[in-house]
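Below: one structure, written as structure tokens.
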Amino acid sequence: MTEARIARVALPGPLDELFDYLPGVMGQPEPGTRVLVPFGRSRRVGILVEYAAECGCDPSRLKPVERALDPRPLFGPTDLTLIRWAARYYRHPLGDALFTALPVRLRESGPLLASGVAGIRLTAAGAALTPAELARAPRQQALLARLLESPEGLAQRNLADELGGITSALRALRAKGLVESCRLEPGAVASADSSAVLAAPELNPEQAAALAAVSEALGGFRPFLLDGITGSGKTEVYIRAIAEVVAAGGQALVMVPEIGLTPQLRERFRTRLPGPLAVLHSALAAGERERAWHQAASGEAPVVLGTRSAVFVPLPRLALIVVDEEHDPSLKQQEGFRYSARDLAVRRAQLVGCPVVLGTATPALETLHNVTAGRYHRLALPRRAGGARPPTINLLDIRNQPLRAGLSPVLRERMHAALATGGQVLLLLNRRGYAPVLTCHSCGWVGVCPDCDARMTLHLGERRLWCHHCGRIESVPRDCPQCGGPDLRMLGRGTERLEEGLTELFPGVRIARIDRDSTRRKGELTRLLAAVHRGEVQILLGTQMLAKGHDFPGVTLAGVIDLDHALYASDFRAPERTAQLIVQVAGRAGRAERAGEVVLQTRHPEHPLLQSLLREGYGGFARAALAEREAAQLPPFTYLALLRAEAPEQEAALAFLAAARAHAEPLCSPEVELLGPVPAPLSRRAGRHRAQLLVQCAQRPALQHFLAHWTPTLRALRRIKGVRWSLDVDPQEMV
DNA sequence: AGCACGCCGACT
DNA sequence: GTCGGCGTGCTC
Ligand SMILES: [Zn+2]
Ligand SMILES: [Zn+2]
């Protein structure tokens, strides 16, 4: 060890640099340990990141660390390396990145929970007692008897599993001083759960081949794309690979998009895999989250199931990473620390030296490009379990068609046919409310949001005008606010209006609408889905909510009412998202005895990407879309960073970006291109004007190099009144 | 981020 | 005369 080492500490907040301290009396704790340090005239909790031989600043200014807060580091070396890498790559302050990876209580100086498993053991008084003396309290007696057999103590959760409700009996025994809490080594605790592991179902040959490829790769870095159509049994492959890892004493990390972390998935993992399952979800209460974090970080939980933030959870024996629905945009954080959990999962696997499995039915074009380049290995599951046949997909040209309730005659006829044979119908319309526009027929007045460049949507159910961009609510005027005329008209169609139209077109047919409005009440979504599954609903309509995660085995016809709306959105990823939506919807229609049917209403049936999707499936679509991306020099053939700025005045936002651009130009190597500044697609939102400056570069290292020099100058830039800005590396949404 | 310092308008 | 507005800069 070097003498006179300097401790380099990361502090919370947007502080870009590490701060140097003298080790003081804290000894030589390992990097990853929390330390209490003097900072300005206060004290802060920081994280010791590394030691250095000398400091970058005036040594006389160095202050000593007050003390170390943890007996052992919270982050292991690779956990720390990953977060440092991520902070640098996404140009985010390291302290902030480290602290967001910690449970809330540990961001303060709160103590680390005792390690090991919560256990109960007898006190000396308890050991001296004979159970007969508790004859009047049979539960306490049973507990005491069981504890007498294991003087070293028993895990509280095993006792609960064995004896049932023990809380009140425990409380009584504790009050009498007969038992006490203790901590047990995770390895020493008999795993009561392991007996509950369910038998594994038979794998089909493709599943077996995928599993074999992954298990063969264990012990070294290897990224896989598990390209499996909906219902092909990807989860079964994950579970079998994880079981293997856990049996060998390793830990597995599984990440899913927010909507995918359902109770059913948790249950499936819990019943099929041994040991406690650590579930990390943003909706968890702080205490539950901290407990799960602890089980993961201490190594007690062999399996961690979580959403994107789980990518940073310390895992001492990590041996396998799974990212399910890897194409899902929610794996990228959209504010603050804008990391991609999928990309970081691959990076983490590389650092740890373990396989990573990216699973999906509709791979992101970036991922497919990595397969083509030979960086990822593709494993295919082309068959639906249970032999269900793939649905047919039809484009329906609705130009010059007489639409009723937004439905063309052909779609209505297909709906009648499906209903007549006892099938259910699923209709997707990605627009909530009754009508997206309210206008005056006499003077042309339109109900616009005063704070956004957007129309207010009419919601008839709640009788209000609602801006979907800022949440502003206004009452529905009876007469025109401008001319006083009575002829207000509702233009366009949302799910409410579609439901109304369907009621008229299909009298007597049971209809359910599922969107954010109809499912706001807790439990309502579950109730509606259950009704669908019991067959009490014949037509199911709703927004994209319906296309994600839920299975509808009774649905034989699925219709997308307005495909063009999704296809022609301003984002260059719109066609990719639309193709993914179509394939996901198709995956939920049809069953073994009857192939399902998907109908897409469009005014652009000649769209070349749609044509490739229909003729050659998602793979064909992806090839065509990648060719377009290459021609347009868009990702994955180039790399992007997006500087966004917003301010109460448009000029301020643009001025900031112009200054940013001026600072960028001298730093640009020839391959770095700057585009903008330009106003954002929805320029004004919630009273703030938004603009953006795009940085494009054919090579990732050159872009990284540029950003490393540019971002410090952005922070030093003279502040312009009211401007807030953020940098998004590898942006997912360009809006 | 906090938290100081510092330099100009409208208050007792 | 000061109270306080928030622009600027620093924290090892
Ligand atoms: Zn009018
Ligand atoms: Zn608005």
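Just so we're clear, the structure is a prediction, and the values are computed from it rather than from any experiment. Here is the naming used below: chain letters follow the sequence lines, and residue numbers restart at 1 for every chain.
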Would you list the pairs meeting ring pair (Phe, Tyr, Trp, His ring centres under 6.0 Å) in which at least one residue belongs to [range], sequence neighbours left out?
range: residues 307-359 of chain A; value: A/H92-A/F337, A/F312-A/F337, A/F312-A/Y339, A/F337-A/Y339
range: residues 711-735 of chain A; value: A/F656-A/W725
range: residues 10-68 of chain A; value: A/F19-A/F39

Open item on the list: Heavy atoms within less than 4.0 Å of DNA chain C: which residues of residues 85-100 of chain A have one? Give them sorted by number.
Closed with: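 Under 4.0 Å from DNA chain C: no residue of residues 85-100 of chain A.
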Open item on the list: Heavy atoms within less than 4.0 Å of DNA chain C: which residues of residues 29-47 of chain A have one? Give them sorted by number.
Closed with: A/P38, A/F39, A/G40
Partners passing salt bridge (charged side-chain N to carboxylate O under 4.0 Å, His left out) against [X] (at least two apart in sequence or in another chain):
X: A/E326; result: A/R342
X: A/D728; result: A/K332, A/R338, A/R644
X: A/R516; result: none
X: A/E50; result: A/R8, A/R84

Task: salt bridge (Lys or Arg N to Asp or Glu O under 4.0 Å) between A/E733 and A/R577, worked out - done: CA-CA 11 Å; A/E733 322 274 355; A/R577 299 266 151 78; 3.6 Å; yes
Open item on the list: By the 4.0 Å heavy-atom rule, please label A/R719 as base, sugar-phosphate, or nothing.
Closed with: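 It contacts base atoms.
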TODO: State plainly whether the residues A/R72 and A/E30 are in salt-bridge range, i.e. N to O under 4.0 Å.
DONE: no
Task: Exercise: identify the closest heavy-atom pair between A/R348 and A/L315 - done: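 Closest approach of A/R348 to A/L315: NH2-N, 3.5 Å.
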Task: Closest heavy-atom pair and its distance - A/P31, A/V49 - done: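 Between these two residues, the closest heavy atoms are CB-O, 3.3 Å.
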Open item on the list: Going 5' to 3' along DNA chain C, between which two nucleotides do contacts with chain A fall, using a heavy-atom cut-off of 4.0 Å?
Closed with: C/dT8 to C/dC12
Open item on the list: For DNA chain B, which residues of residues 12-22 of chain A approach it to below 4.0 angstrom with any heavy atom?
Closed with: A/P14, A/L15
TODO: With sequence neighbours excluded, give me every side chain to side chain donor-acceptor pair (under 3.5 Å) pair touching residues 652-663 of chain A.
DONE: A/R661-A/E665
Task: Spatial distance of atom NE2 (A/H459) from atom CD1 (A/I473) [nearest 0.5 Å] - done: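 Interatomic distance, A/H459 NE2 to A/I473 CD1, rounded to 0.5 Å: 9.0 Å.
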Open item on the list: Rounding to an integer number of Å, can you tell me how far A/R724 CZ sits from B/dA1 C1'?
Closed with: 15 Å
